[in-house]
Amino acid sequence: MTSGLHHVTAITRKIQANVDFYVGFLGLRLVKRTAGFEDARQLHLFYGDSGASPGSLVTFLAWEDGSLGRVGHGAPSEISFSIAPDAIGFWLTRALQYNVKLSGPTQEFGEPVLRLTDPDGIIVKLVGVEEAAPWIWWAGGGIAEADAIRRLRGVTILSEKRAATADFLARHMGLTPGPKEGTIQRLTSEAQDIVDVRDAGGFWTAAPGTGTIDHIAFRAPDRARVEAVYSALEAESSGEMNMHDRHYFYSLYVREPAGTLIELATDGPGFTADEPLETLGSRLFIPAHFKEDHEVLRVMLPQFGLPGEERIIYRDLPFVHRIHMPETWDGSTLVVMHGTGGNETTMLPFGRSAAPNAMLIGIRGRSTDEGHPRYFRRFSQTTFDQREIVSEAEAFAAFVQELGPAYGVDPDRTAFAGWSNGGNMIGAVMQLHPKLIRKAVLLRSMNCLEEKPSVVLSGSKVLSLSATDDFYGSLAEELEERLRTAGAEVTAMKLDANHGIGREDETIARNWLSYAGM
């Protein structure tokens, strides 16, 4: 078999910055965009050479605004790509021009190495290599063929059991032990790429999260080879393993003795299985095994633009938020707010159904209740932290006031929709900051303010949808009456439903938003 690397997978916190670095700066080709095969609400991007060749691929799972991970033993610490030795000067100059953090050049195992740092803090090494395995230059990357990245050169693994890790990779992944340099044992493959196993005794352990490398995938010619390796590992009682059909390749997952996640993936059928070579990476695919509405999933995945394409430039505002733009924007905006346990993506499908041509802005609550995001804490089902309501409402008002300058939001064509705790927050903000929200959809909401501010809401329009089979159904009336008494035009409906929201809510909200001037 042809041994060597198939791909390396890492985790990014900001997908647009990731695309700008790997496509815009490094000049790689975006060869596939999919929802995650384990989690369809997670975007997965693949970069590689022009032909999406095994051995050229680096992939990223998008954990937008997710928790930072930690580099340590039991995980990879660096990715490296091969370039021509004479191209080191080009990349040094380019990194300085693009303000990319770098160190070097230096020499490692007799090769010139330039270390770069990607936007998530992942170390990317460019290694001058005289000869490289076959690769296909991506002319669309903006880098001359002589200077372009060719393919993966290798990875560095931090291990507390260097000898055991090296032995595992040699026996099961087709690598050959090579030279040693300091604390590093190098292994090489027939495809001329390498794995450096660094002795990390005394280091802290790795922790998963953004800015870390999740796993390394090695090449297998076919499924039969993957299954043969599985049988050999099973005979050695190598721990938990699983095999999956990833549509573009069939693969096995296993952890080597020191804990690094290793994948063995087939070369075929490859990324042209569902789109032609000429247009690779231009469509977003949802794996077929997910039975949920694929259009719903598309709305929940982060959007981005390739170099030269229109993109959303996110601003640093008081609340974590996600924007979803429609194919044709009519100038309206719908701000959507989740219930307990949701996040900034939870209400985006509802928003897209209720306002098909609006800019959607999903907001993540900043409070935490029993580990779940909320907009403010609750002490019981019907009592809430009054001080936090006031302070978070003030922060929310500042956030909303920044939407116009940040994203071109027109206040006169903006509505707010909130479910449960999100709707409660909208109701509180309307009472505490009466000029801020003029159009609101409240879903399964109740009044949460103990005091009754004296406010004037004339000109405001509110749709309140409560439910018969819902503990909070009867509690919506107090909020509706407060808003109505303050002068708001309140349309209240009680649906034959439970606390969850569904198609009927979407239809009613869509019709009401049209009436309200959206």
query: Just by distance, with hydrogens left out, do N357 and T328 show a side-chain donor and acceptor under 3.5 Å apart?
result: no
field: Any donor-acceptor N/O pair, S353 side chain to P349 backbone, under 3.5 Å
entry: no
query: In this structure, which one of D316, D118, D65 forms a salt bridge (charged side-chain N to carboxylate O under 4.0 Å, His left out) with K14?
result: D65
query: Between the side chain of R255 and the main-chain N/O of A258, is any donor-acceptor distance below 3.5 Å?
result: no
- request: Run the salt-bridge test on K125 and E111 with the 4.0 Å N-O cut-off and return the result as yes or no.
  value: no
Pairing residues for A415 by the side-chain contact (heavy atoms from CB on, under 4.5 Å) criterion, not counting sequence neighbours: L334, K439, L513, M518
task: Please check if the side chain of R94 supplies one atom and the backbone of F25 the other of a donor-acceptor pair under 3.5 Å.
output: yes
query: Considering the options T34, T59, D39, which one meets the side chain to side chain donor-acceptor pair (under 3.5 Å) requirement together with H44?
result: T59
- prompt: If you measure from the Lys or Arg side-chain nitrogens to the Asp or Glu carboxylate oxygens, is any gap between D196 and R186 under 4.0 Å?
  reply: yes
field: Electrostatic pair R115:E78 at N-O distance under 4.0 angstrom
entry: yes
query: Charged N to carboxylate O under 4.0 angstrom, R198 versus E181?
result: no
message: Against the six-membered ring of W135, is R151 placed for a cation-pi contact (under 6.0 Å from the centre, within 45° of the normal)?
response: no
Polar side chain donor-acceptor pair, Y47 to N18, under 3.5 angstrom: yes
query: For E263 and H7, what are the C-alpha separation, side-chain angles and deciding distance, and is it a side chain to side chain donor-acceptor pair (under 3.5 Å)?
result: CA-CA 9 Å; E263 182 181 6; H7 66 267; 3.1 Å; yes
query: Is the backbone N or O of S77 less than 3.5 Å from a side-chain atom of T156, with the two atoms forming a donor-acceptor pair by type?
result: no
